[in-house]
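Below: the structure, in structure tokens.
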Amino acid sequence: MLHFELVTPEKLLRSEEVHMVVVPGTEGDFGVLEGHAPFMSTIRDGALRIHRTEKGEPETLTIRGGFAEVTPKGLTILAEHAG
């Protein structure tokens, strides 16, 4: 499972284990699974899709601006706004 954290300037909104997250990057959407190579991207306004299981329906959250960072520990989204 992928460790996923969603952080805004106000607080930590999510810290959980998920199957995959699809992020609206400024160069296009990208999916992150466990074991993804280290990566950093800016985020455009759009829909963050959180897949809790491989075959389950994704949860969608609207986010505005920020950064995504993939490390060996998982994915961290630093969003200007999420909701």
Side-chain angles (χ1 to χ4, degrees):
M1 296 294 279
L2 171 70
H3 183 72
F4 166 62
E5 291 191 345
L6 175 59
V7 183
T8 66
E10 292 81 32
K11 64 181 177 177
L12 173 66
L13 295 177
R14 300 281 178 98
S15 181
E16 58 192 337
E17 303 299 314
V18 299
H19 174 69
M20 178 175 74
V21 179
V22 179
V23 182
T26 52
E27 301 295 317
D29 291 2
F30 60 91
V32 180
L33 293 161
E34 180 181 23
H36 195 290
F39 180 76
M40 187 170 236
S41 175
T42 52
I43 297 172
R44 73 178 193 286
D45 296 355
L48 184 69
R49 295 189 308 276
I50 304 162
H51 297 259
R52 294 187 188 288
T53 63
E54 185 174 356
K55 299 192 189 284
E57 287 294 314
E59 174 185 359
T60 302
L61 291 175
T62 301
I63 60 173
R64 290 200 312 253
F67 295 91
E69 180 180 26
V70 181
T71 67
K73 293 182 180 182
L75 168 66
T76 302
I77 301 285
L78 306 169
E80 293 172 14
H81 178 78

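If you're wondering where the values come from, they're calculated on a predicted model, not measured in any experiment. Heavy atoms only: backbone and side chains are in, while hydrogens, waters and symmetry mates are out.
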Going from CG on L6 to CD on E16, what distance comes out if it is rounded to the nearest 0.5 angstrom?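 So the CG of L6 and the CD of E16 are separated by 9.0 Å.
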Acceptor/donor pairs from residues 27-45 side chains to any protein atom, 3.5 angstrom cut, sequence neighbours excluded:
unit_1 : atom_1 : unit_2 : atom_2 : d
D29    : OD1    : R44    : NH1    : 3.0
D29    : OD1    : R44    : NH2    : 2.8
E34    : OE1    : M1     : N      : 2.8
T42    : OG1    : T26    : OG1    : 2.7
R44    : NH1    : G25    : O      : 2.7
D45    : OD1    : G65    : N      : 3.0

Whether the E17 and H3 side chains hold a donor-acceptor pair (N or O, under 3.5 Å, no angle test) is what I'd like checked.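 Yes, H3 and E17 have a side-chain donor paired with an acceptor closer than 3.5 Å.
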Donor-acceptor list for residues 67-83 side chains, cut-off 3.5 Å, not counting sequence neighbours:
unit_1 : atom_1 : unit_2 : atom_2 : d
T71    : OG1    : K73    : N      : 3.2

Can you name the nearest heavy-atom pair linking [X] to [Y], along with the distance?
X   : Y   : answer
H51 : G56 : ND1-O, 4.0 Å
H19 : L2  : O-CB, 4.2 Å
P24 : A47 : CD-O, 3.5 Å

Sequence neighbours excluded, which residues qualify as side chain to side chain donor-acceptor pair (under 3.5 Å) partners of E59?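 Testing E59 for side chain to side chain donor-acceptor pair (under 3.5 Å), a comparison that skips the adjacent residues, returns R14, R52.
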Side chain to side chain contact (heavy atoms under 4.5 Å, CB included) for L13 and V7? Distances and angles first, verdict last. CA-CA 6 Å; L13 295 177; V7 183; over 6 Å; no
Kindly work out whether a path of hydrophobic side-chain contacts (I/L/V/M/F/W/Y, heavy atoms less than 4.5 Å apart) joins I63 to M20.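 No, separate clusters.
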Would you sort out whether V21 and L48 count as a side chain to side chain contact (heavy atoms under 4.5 Å, CB included), showing the intermediate values? CA-CA 7 Å; V21 179; L48 184 69; 3.6 Å; yes
